[in-house]
Amino acid sequence: MNTLQHWLARFDSLSLRERLLVLAAALVVVLMGFYQIILAPLQADLHAKKQQWQEGQNKAMALAAEIQALLASAPQQARSRLDAQRQVVAGLDQQLQAAGQRYPRQDELARWLRALLGERPGVRCTGFHTLPPQLVYPPQGEKDAPPGPRLYQSGVSLTLQGDFPSLLAYLQNVQQGPWRLQWGAWNYKVVNYPQAELQVDVTTYALDWSGQGLAPGGSAAGAPIPGERGTGSSLTPAQLGNALATLGAATAPARSAP
């Protein structure tokens with residue numbers, strides 16, 4: 001208390017000019033303290049926030065530029081992937097077409113078998129009829145079968161009479177023909193030695209690209225002959241691969257003639 005009174009007494013003893021100088025100095029000290037304690041931390045925090053905002057702006061601009069670059073290159077990348085996919089489909093398609101061309105249509109097979117009979121006078125045909133087409137791929141009864149080619153098995157059933165060497169020679173001619181064929185059911189019996197009767201099924205395969213089934217003669221209804229590209233649905237590589245694998249498995253090398 002005495003100290004305060006001492007300083008007040010000294011302040012009262014000062015001239016007006018000196019008092020103003022003291023008050024100004026005290027005000028400066030108070031303002032400097034206020035700045036250092038309150039304003040300086042606030043200013044530093046504001047500066048830090050401004051830097052963070054600027055960094056966020058820079059990152060956003062960089063991200064926007066990257067997105068624009070991706071959008072610019074995406075169509076080209078998509079086209080490249082689509083072209084590669086189409087090349088795979090085209091390759092499988094060609095394999096499937098080539099596989100189909102190795103097999104005759106049912107009407108072609110029937111005409112060819114009749115022509116071979118004319119070259120074998122020792123063999124006489126007593127029965128001749130075509131076999132109804134049977135679906136091989138996709139398997140019958142399969143639910144939600146994928147769109148694409150349908151693989152059918154068809155053929156001709158022959159009933160032949162002649163001696164054993166003549167019948168064997170005719171079957172060997174069939175097996176050595178220009179197409180890949182399979183032997184189906186057969187039955188051989190001696191009627192009046194040396195004459196015998198042979199009933200045998202000769203089968204072939206046909207591709208239906210239309211999805212409408214096979215017409216009489218073994219070709220697709222309203223579609224090109226097997227081996228030629230139709231206007232069926234667009235196929236994926238997996239669907240074409242499945243059809244090709246099924247065709248290869250179903251048309252393994254024909255059994256030896258009976």
Side-chain angles (χ1 to χ4, degrees), residues 96-140 149-210 212-228 230 243-244 246-258:
L96 193 57
Q97 299 293 345
Q101 289 173 352
R102 294 197 298 265
Y103 299 89
R105 299 196 312 273
Q106 192 177 44
D107 54 349
E108 291 178 327
L109 175 61
R111 288 195 300 269
W112 182 66
L113 291 174
R114 288 183 183 275
L116 283 183
L117 286 172
E119 300 175 7
R120 289 291 171 183
V123 178
R124 185 164 55 92
C125 180
T126 59
F128 190 103
H129 67 272
T130 57
L131 302 173
Q134 294 185 354
L135 182 63
V136 176
Y137 176 86
Q140 293 187 14
R150 298 297 191 258
L151 179 63
Y152 289 88
Q153 183 185 53
S154 60
V156 175
S157 179
L158 298 171
T159 301
L160 307 174
Q161 286 189 352
D163 56 55
F164 180 80
S166 298
L167 292 173
L168 180 60
Y170 176 78
L171 296 180
Q172 289 174 339
N173 287 347
V174 172
Q175 192 169 14
Q176 295 168 3
W179 293 303
R180 292 184 62 180
L181 303 172
Q182 283 190 312
W183 303 110
W186 60 276
N187 182 44
Y188 178 85
K189 63 181 179 180
V190 177
V191 179
N192 186 12
Y193 187 82
Q195 294 296 307
E197 181 179 86
L198 172 65
Q199 191 279 323
V200 62
D201 294 343
V202 183
T203 61
T204 182
Y205 292 87
L207 285 172
D208 167 31
W209 291 90
S210 68
Q212 301 174 4
L214 294 186
S219 60
I225 62 173
E228 294 184 0
L244 188 61
T246 304
L247 181 59
T251 59
R255 297 177 295 169
S256 301

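Worth saying up front: this structure is predicted, and the values here are computed from it rather than measured.
- The two residues L167 and G162 have their closest heavy-atom pair at CD1-O, 3.5 Å.
- Atom CD of Q134 is separated from atom OH of Y205 by 10.0 Å, given to the nearest 0.5 angstrom.
- Taking CH2 of W183 as the reference point, atom CD of Q175 lies at 6.0 Å (rounded to 0.5 Å).
- Taken to the nearest 0.5 Å, the OG atom of S166 stands 11.0 Å off from the CG atom of L160.
- The backbone N or O of P104 sits less than 3.5 Å from a side-chain atom of T204, completing a donor-acceptor pair.
- W112 is listed as a side-chain neighbour of V174, based on a closest heavy-atom distance under 4.5 Å.
- Remark: S157 pairs with H129, L131, Q199, D201 by the side chain to side chain contact (heavy atoms under 4.5 Å, CB included) rule, at least two apart or across chains.
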Can you give the donor-acceptor pairs under 3.5 Å from side chains of residues 118-125 to other protein atoms, not counting sequence neighbours?
{"from": "R124", "atom 1": "NH2", "to": "Q161", "atom 2": "OE1", "distance (Å)": "2.6"}

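- Atoms CG and CG, on L181 and L113 in that order, are 7.5 Å from each other to the nearest 0.5 Å.
- If you take CG on L171 and CD on Q176, they are separated by 11.0 Å, rounding to the nearest 0.5 Å.
- Side-chain atoms of E108 come within 3.5 Å of backbone N or O of R105 as a donor-acceptor pair.
- Among Y170, Y188, W186, the one residue that satisfies the side-chain contact (heavy atoms from CB on, under 4.5 Å) test with V200 is W186.
- To the nearest 0.5 Å, atom CG of residue L198 and atom OG1 of residue T159 are 8.0 Å apart.
- Every pair tested for salt bridge (Lys or Arg N to Asp or Glu O under 4.0 Å) that includes a residue from residues 161-174 fails, sequence neighbours excluded, so the list is empty.
- With sequence neighbours left out, the side chain to side chain donor-acceptor pair (under 3.5 Å) criterion links R111 to no other residue.
- Contact between P133 and Y152 at its shortest, heavy atoms only, is CB-CD2, 4.1 Å.
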